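Quick note: numbers below take in every heavy atom, side chains included, and nothing from hydrogens, waters or symmetry partners. As the structure is a prediction and not an experimental result, all values here were calculated from the model.
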Amino acid sequence: MNRRDFLKTAGLTGIALGLPGCARSLPFGRDVFPDFGDDARPYLGLATSLREEHDYEARVEGTIPAGLRGTLYRNGPALFDRGGMRKRTLLDGDGMVQAFRFGDRGIRYANRFVRTRKFVEEEAAGRFLHPTWSTQAPGGIWTNVWPTERLLSQAGITVFPWRGRLYAFDESSFPYELDPDTLATVGETTFGLPRDLTTYSAHGKFDPVTGEWLHFGIRYGPRTFVHLTTFNADGTLRRHRALELPRAIYMHDWFVTERHVVFHLHPVEIAYWPFLLGIRSMAESLRWRPERGTILMVAERDGEAPPRLVETEACYLWHTFNAWEERGKITADFVGYRNPDHFISDDPVITAVMLGRRGTYSYPGEVMRYRIDPARGTAAREVLHQGSCEWPRIDERLRCRPHRTGYMLRCLPGEFFWSIVMGLDPVTGRTDEYSFGRGVYCTEPVFAPRPDTPAGGPGWLLVELYDSRTRTSSLAILDADRIADGPLALVRLTHHVPFSYHGWWQPAS
């Protein structure tokens, strides 16, 4: 069978031949994409590459709380363009880990790119070489055919300290180990497991009671499997289990309780043939199919029973707050979207922002709660808070148990990016928030507990900011119980930082 007959059989002839070259990255030039945008596009600095690596004592305005000692690690994409080409979405770029080190003499800041195989090879070449999640490799269809083995990790989503080491994660690949003190890249790791046994996504979960570290990852193919891998507190493998998924979907986060894990199988399906044939990137192959509803797949953490499949109405999920069990039922809190048009549409925001435009955005993120009864196979959904929210976090000492407050970001009216940090009591509905004002954009709030306090006790929120007026970034420190009072201190950086996704607080030992 020749190429045209094969494409015709797959129903893709018109699509394939209608995309000359099929290089899906964007042309880049200073005149087309001015650095940092302007008054009409203040958010563009979030998608402006930071090429320099730094290590310096940061300037502090205000007073750092005496008990706040340790390191805040953050990770996110920071290099969006090379050799005249630009990444297609804000979700795609080479990972850069930051460290804010809180000591008795002040705060030291450092940032370093993760030296993944992809980064090293492209840095030497001065251009993009490899396909990534939303951006195909230069060279046309034949360079991108059957890309599953060439989608290399960019290690640019999450970062976790564990057992004296530091790990940077991407989606469905293997993480990279870093030196926690220097941020130097040690290398890719499988945590001692065979490469063909499992895979990892970005959102691992720590159980603070057992000390276990739980991971999931998805392997796509004719049959799609989710891999569940759990490590004991001493670093040994507790268990690995592979479960076949009832649909091939893109999934970013999950829920973990004391005894179960819950996979939120929203109807974001993958049009696999265009992706495998090199016609579209993975991101461009996603389709929102709300008529198919959402499936909640409930599996035992330690048992071997088949998972329960609970059907419910369509809803998209990026990130979860937390989940726990009471009397055989599961409560699961998250930020949900009735339609992910910011992500999947004819003009999604995450692509438009790379061109300095606003794109499509009609359905905001809402704080939602599932009440799941696995035995009866039912789930009820309620909205706890409406109003353009994202980036949920909790006091991690309450993971898998009921939490007192959920922390998140909220948008100002008419904005897509987030300028307000907020706390929400999920029982009373009480909120506490602080706005940094228009043109100042926040990243995910990380909770740092006060030393020697119980889980759910007092602490601080650490929120990285980008100020479009000064084109610099800073770290705000707020009292988590008095958010509306505003920052206790600001750690001023000498440069900007692109939108950083996730962080983790490591208290001083």
Side-chain angles (χ1 to χ4, degrees), residues 23-30 32-37 43-55 73-99 109-138 150-159 166-171 173 175-176 178 182-185 187-188 202 281-283 350-356 417 441 443 464 466 471-473 493-503:
R24 303 296 291 163
S25 50
L26 302 173
F28 181 82
R30 186 173 295 273
V32 180
F33 304 102
D35 288 346
F36 303 104
Y43 47 82
L44 192 55
L46 300 172
T48 297
S49 295
L50 171 63
R51 301 180 184 279
E52 302 82 16
E53 297 179 325
H54 299 271
D55 189 345
Y73 295 105
R74 292 202 60 86
N75 193 6
L79 187 64
F80 301 107
D81 45 87
R82 285 187 187 274
M85 303 298 285
R86 183 163 167 83
K87 293 293 185 182
R88 291 187 61 81
T89 77
L90 189 58
L91 306 179
D92 202 353
D94 290 290
M96 183 194 74
V97 173
Q98 305 173 76
Y109 172 84
N111 70 297
R112 293 199 70 173
F113 282 99
V114 185
R115 264 62 177 184
T116 63
R117 173 189 160 190
K118 172 188 176 297
F119 181 91
V120 170
E121 292 179 359
E122 293 181 343
E123 186 78 352
R127 60 189 179 91
F128 291 140
L129 300 173
H130 299 283
T132 53
W133 190 73
S134 73
T135 309
Q136 291 181 291
R150 297 199 299 276
L151 282 176
L152 301 180
S153 172
Q154 298 182 99
I157 298 178
T158 54
V159 62
L166 190 66
Y167 299 95
F169 284 78
D170 207 338
E171 297 277 36
S173 57
Y176 274 76
L178 310 177
T182 67
L183 303 185
T185 301
E188 188 184 64
S281 68
M282 173 67 87
I350 63 168
T351 298
V353 69
M354 306 303 286
L355 301 163
F417 295 102
Y441 303 107
T443 62
E464 193 168 45
Y466 167 67
R471 297 180 178 178
T472 59
S473 294
L493 303 185
T494 61
H495 51 86
H496 92 294
V497 177
F499 194 81
S500 174
Y501 295 162
H502 297 290

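The cationic group of K118 does not satisfy the cation-pi geometry with F128, failing either the under 6.0 Å distance to the six-membered ring centre or the 45° limit from the ring axis. Both tests pass for R82 against the ring of F119: distance under 6.0 Å to the centre and angle within 45° of the axis.
Residues R115 and E53 are paired through a salt bridge, judged by an N-O separation under 4.0 Å between the basic side chain and the carboxylate. At a threshold of 4.0 Å, the pair R74-E464 counts as salt-bridged, since one of the basic side-chain nitrogens sits closer than that to a carboxylate oxygen.
Scanning all heavy atoms of the two residues, the minimum distance from L178 to A168 falls at CD1-CB, 4.3 Å.
Remark: the backbone N or O of R51 is not paired with any side-chain donor or acceptor of S49 at under 3.5 angstrom. T158 places a side-chain N or O within donor-acceptor distance of the main-chain N or O of A202, the cut-off being under 3.5 Å. Side-chain atoms of T89 never come within 3.5 Å of backbone atoms of I350 as a donor-acceptor pair (strictly under, hydrogens ignored). Y441 places no side-chain N or O within 3.5 Å of a backbone atom of G45 that could act as its donor or acceptor partner.
Relative orientation of the F36 and H496 rings is perpendicular, given thresholds of 30° and 60° on the angle between their planes.
To the nearest 0.5 angstrom, E52 atom CD is 10.5 Å from M96 atom CE.
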* In sequence, state the C-alpha distance, the side-chain angles, and the governing distance for H54 and Y109, and then conclude on ring-ring contact (aromatic ring centres under 6.0 Å, His included). => CA-CA 7 Å; H54 299 271; Y109 172 84; 7.0 Å; no
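Note: H502 and Y73 fail the aromatic proximity criterion, with ring centroids not under 6.0 Å apart.
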